[in-house]
Amino acid sequence: MAYAEEESVPNTRPEDEKLGIFANLAYGLQHVLTMYGGIVAVPLILGQAAGLNASDIGLLVTASLFAGGLATILQTIGVPFFGSRLPLVQGVSFSGVATMIAISGNGGIQAILGAVIVASVIGLLITPVFSRITRFFPPLVTGIVITTIGLTLMPVAAFWAMGGNPSAPGFGSPANIQLAGVTLVIVLLLSKLGSASISRLSILLALFIGTGIAYVAGMTDFSQVANGPFLALPTIFHFGYPTFEIAAIISMFIVIMVTLVETSADILAVGEIVETKVDSRRLGDGLRADMLSSIIAPVFGSFTQSAFAQNVGLVAVTGVKSRYVVATGGLFLVALGLMPVMGRVVAAVPSSVLGGAGIVLFGTVAASGIRTLSKVDYNNNMNLVIVATSIGFGMIPIASPNFYEHFPAWVATIFQSGISSAALMAIALNLLFNHFKTGNSDQQSVFVAGTERTIRYQDVARLHDGDYFLNGKLYDAKGIEIPMIPEAAH
């Protein structure tokens with residue numbers, strides 16, 4: 001009878017927890033504020049590069065918010081064969097910015113939209129290949145990727161902390177950096193409080209308080225909130241019907257391949273953080289949602305969609321694992337896409353405030369990766385050199401953004417992202433050393449030798465038969481303690 005009762009208890013997953021309407025609204029808004037700067041950056045950059053006027057750039061922004069919201073809802077709630085049902089926020093992918101700028105120079109926005117649609121359709125067709133590679137993503141690989149995600153996002157936090165706009169007069173000023181520092185301190189103080197609810201909302205509350213401080217100090221302006229329409233429905237093909245150019249499609253397909261790698265890493269990373277199982281079917285559902293969203297987004301005037309790494313960090317910081325929270329964030333994004341006035345309110349949050357919170361968020365992602373890497377076995381294998389090489393390779397475009405400047409465009413597209421660089425290197429080296437073992441040397445390398453405990457032959461030679469250790473002391477066979485001389489006494 002006891003066994004039957006135990007069997008009747010539903011086995012709920014951490015991501016399926018339902019926290020209630022208020023919690024969903026609060027935590028969902030926190031996700032939106034965390035990623036808002038990133039989701040509007042791509043349409044702003046592309047709009048300016050394509051020579052669009054301010055009104056059309058505004059439409060690009062609202063279209064990206066609307067499409068990101070739909071993509072987030074699809075990814076978190078899911079329908080059959082589409083959606084990982086994990087707490088992942090979706091938005092415009094930054095990995096294709098350089099490629100799309102190049103395409104816009106030849107064919108304009110229409111060529112970008114056409115290339116995104118066709119490349120995403122091809123990406124949707126090849127997702128079964130990516131969904132069967134989970135066995136090649138052990139903690140060794142996922143730990144490397146999670147760590148690299150956090151490290152590659154730190155320059156974004158620093159950029160925000162400096163003001164977020166290099167052309168602004170106060171960019172990098174002590175005032176901006178001090179505001180970021182105050183926001184960081186507020187996050188830490190709120191996180192230290194005994195109340196679990198306040199601690200979990202520390203990022204959101206710090207953003208509100210930091211914005212209030214900025215308003216009092218005259219560092220933010222809400223005067224533009226009332227300018228413009230309150231409601232605006234998305235316009236289908238506002239920029240004209242997409243055009244399809246072979247070169248643009250090939251270039252964008254390379255971006256889609258990078259997006260699939262990054263999204264695979266993000267899905268596996270958030271699964272590790274949430275502590276839930278991610279199998280090949282679930283990974284495939286997530287990738288298909290990614291590609292379907294990228295196919296639909298250009299209809300509204302947006303671009304490729306992918307998971308936002310900074311929100312993976314927010315899940316790690318707050319410990320709120322519910323996918324319904326992130327789905328609520330998706331509803332907020334849809335509302336922002338339909339209500340430009342709300343977008344103008346959120347846009348008034350100073351970048352410096354976002355930067356202060358970002359230091360905690362992105363640092364937590366890296367820390368989560370380090371925690372995953374601590375589970376890896378480093379004895380008598382090459383795992384240490386795999387970690388070192390992969391993270392180092394991923395840091396190259398962060399330490400030197402122009403490193404791939406003189407390489408072919410397809411090389412720069414793939415490796416300019418530190419996340420995809422580290423992921424590809426980690427997968428390749430894991431295959432080389434841990435799966436294809438033919439040709440592996442039976443001699444330990446210098447990296448392996450440094451990863452396990454060693455003892456010198458001369459020390460062993462001084463021991464006699466029957467000597468033993470007990471409670472940190474050395475005894476001979478008769479139980480007489482043998483004095484141990486400290487190293488400094490030699």
Side-chain angles (χ1 to χ4, degrees), residues 129-153 257-258 260-280 282-283 309 312-313 316 363-399 414-415 417-461 463 469:
V129 176
F130 278 81
S131 65
R132 287 174 170 80
I133 62 173
T134 51
R135 69 190 185 93
F136 300 122
F137 283 88
L140 171 66
V141 174
T142 56
I144 289 170
V145 172
I146 298 170
T147 303
T148 307
I149 288 173
L151 294 177
T152 56
L153 287 171
M257 293 290 288
V258 174
L260 286 171
V261 172
E262 290 185 340
T263 300
S264 297
D266 286 330
I267 291 173
L268 292 165
V270 81
E272 184 78 22
I273 292 171
V274 173
E275 298 178 339
T276 191
K277 182 181 179 181
V278 177
D279 54 18
S280 59
R282 198 172 194 182
L283 178 60
V312 175
T364 302
V365 178
S368 298
I370 294 170
R371 182 176 59 186
T372 300
L373 289 174
S374 68
K375 304 174 184 177
V376 175
D377 178 18
Y378 297 98
N379 290 328
N380 296 318
N381 56 46
M382 291 294 288
N383 285 341
L384 184 65
V385 73
I386 294 174
V387 173
T389 305
S390 302
I391 293 179
F393 193 64
M395 288 299 97
I396 288 176
I398 306 305
I414 295 174
F415 295 110
S417 166
I419 299 171
S420 60
S421 296
L424 291 172
M425 181 62 76
I427 294 169
L429 293 182
N430 181 52
L431 287 172
L432 178 63
F433 290 114
N434 294 330
H435 289 270
F436 305 137
K437 296 185 178 182
T438 303
N440 282 5
S441 173
D442 58 358
Q443 302 296 317
Q444 288 186 344
S445 80
V446 66
F447 297 100
V448 176
T451 62
E452 61 181 5
R453 186 174 169 221
T454 61
I455 188 169
R456 293 178 297 181
Y457 283 112
Q458 56 265 40
D459 293 330
V460 176
L463 297 176
F469 277 94

Considering all heavy atoms, the nearest [X]-[Y] contact:
X      : Y      : result
Pro397 : Ser421 : CG-OG, 4.5 Å
Leu151 : Ile391 : CD1-CG2, 4.2 Å
Arg282 : Lys277 : NH1-O, 2.9 Å
Leu140 : Ile144 : O-CG1, 3.1 Å
Thr148 : Ala422 : OG1-CB, 3.4 Å
Pro139 : Leu373 : O-CD2, 4.2 Å

| CD1-CZ distance between Ile273 and Arg371, expressed to the nearest 0.5 angstrom | 7.5 Å
| task | Among Leu384, Asn383, Thr389, find the residue that satisfies the side chain to side chain contact (heavy atoms under 4.5 Å, CB included) test when tested with Ile386. | result |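 Of the listed residues Leu384, Asn383, Thr389, the side chain to side chain contact (heavy atoms under 4.5 Å, CB included) partner of Ile386 is Asn383.
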| message | Is there a side-chain contact between Val278 and Ile267 in this structure, where contact means two heavy atoms from C-beta onward sitting under 4.5 Å apart? | response |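 Side-chain contact under 4.5 Å: yes.
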